[in-house]
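Heads up, the thing below is written out as structure tokens.
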Amino acid sequence: NAGVTQTPKFRVLKTGQSMTLLCAQDMNHEYMYWYRQDPGMGLRLIHYSVGEGTTAKGEVPDGYNVSRLKKQNFLLGLESAAPSQTSVYFCASSYSPPNNEQFFGPGTRLTVL
Amino acid sequence: AQSVAQPEDQVNVAEGNPLTVKCTYSVSGNPYLFWYVQYPNRGLQFLLKYITGDNLVKGSYGFEAEFNKSQTSFHLKKPSALVSDSALYFCAVRDITSGAGSYQLTFGKGTKLSVIP
């Protein structure tokens, strides 16, 4: 049981480049989330999904897109990376909220030059 | 709207002493409250949660938290700190009465706990 996994672990991009972050979970969770963590800011929700084929915006969705084609996978895309998107990105999953805890992946450290 | 405040950026405590990490929250209805811990270069790990019932909640690694509705607080406590408890701690809240936003968990900015040998 791997839990929540994220690939890649590290990435450096140049401004304007695109990339996709992959999150996978093997706990059969319905809900999946993408957060970004910045120093002194805590975690902020980018997008989330309540089930296969569904996505919704979180607190800071601009500049990001997501897809949930399979229940176990949640992809986060950056179409045209900007230095402001330099951050650590965490994926999480959970059973149906509101009272179920989220399980987090190890994170992806992204630097945009 | 829901919000969480962790008033201390850093807490230092001597090994063996009791520790407290503070958290206050604001919701329009009743809250679900969570504590998570983050070790360096790792994802967040769930410690404990308050849903309803007993105001004192016990969690992993000997941690506990006390829900105080009148003070809108949910402080994390441990009777005897270990060096291995040194980490970043996050409080989080969800308002159970919110509609479309009910899936969103709002995190505090985190408190760095340093346990000194």
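To find a chain, count down the sequence lines: A is the first, B the second, and so on, and within it residues start at 1. Excluded from the calculations below are hydrogen atoms, water molecules and symmetry mates; all remaining heavy atoms, backbone and side chain alike, are included.
Separation of atoms OH (Tyr31(A)) and CG (Leu105(B)) is listed at 13.5 Å; rounding is to 0.5 Å. Of the inter-residue distances, the one linking Asn100(A) atom CG with Arg94(B) atom CZ reads 8.5 Å to the nearest 0.5 angstrom. One finds the CZ atom of Phe107(B) at 5.5 Å from the CD atom of Gln102(A) (value rounded to the nearest 0.5 Å).
Residues of residues 54-74 of chain A placed with any heavy atom under 4.5 Å of a heavy atom in chain B are listed by number as Gly58(A), Glu59(A). By a heavy-atom distance cut of under 4.5 Å, Asn41(B), Arg42(B), Gly43(B), Leu44(B), Phe46(B) are the residues of residues 39-46 of chain B near chain A, going up by number.
Contacts of Gln6(B) with chain A are absent, with no heavy-atom separation under 4.5 Å from either backbone or side chain. With a 4.5 Å cut-off on non-hydrogen atoms, Arg44(A) does not touch chain B at all. Proximity to chain A is absent for every atom of Leu33(B), based on heavy atoms less than 4.5 angstrom apart.
Looking at Glu101(A) and Tyr36(B), their side chains come closer than 4.5 Å, going by heavy atoms from C-beta outward. Between Asp38(A) and Lys109(B), the closest side-chain pair of non-hydrogen atoms is not below 4.5 Å.
Heavy-atom pairs under 4.5 Å with chain B peak, among Met41(A), Gln6(A), Gln37(A), Lys9(A), at Gln37(A). Counting heavy-atom pairs closer than 4.5 Å to chain B, the top-ranked of the candidates Gly40(A), Gly107(A), Cys91(A) is Gly40(A).
Tyr35(A) and Phe34(B) fall within the same hydrophobic cluster, defined by Ile, Leu, Val, Met, Phe, Trp and Tyr side-chain heavy atoms under 4.5 Å apart, directly or through other members.
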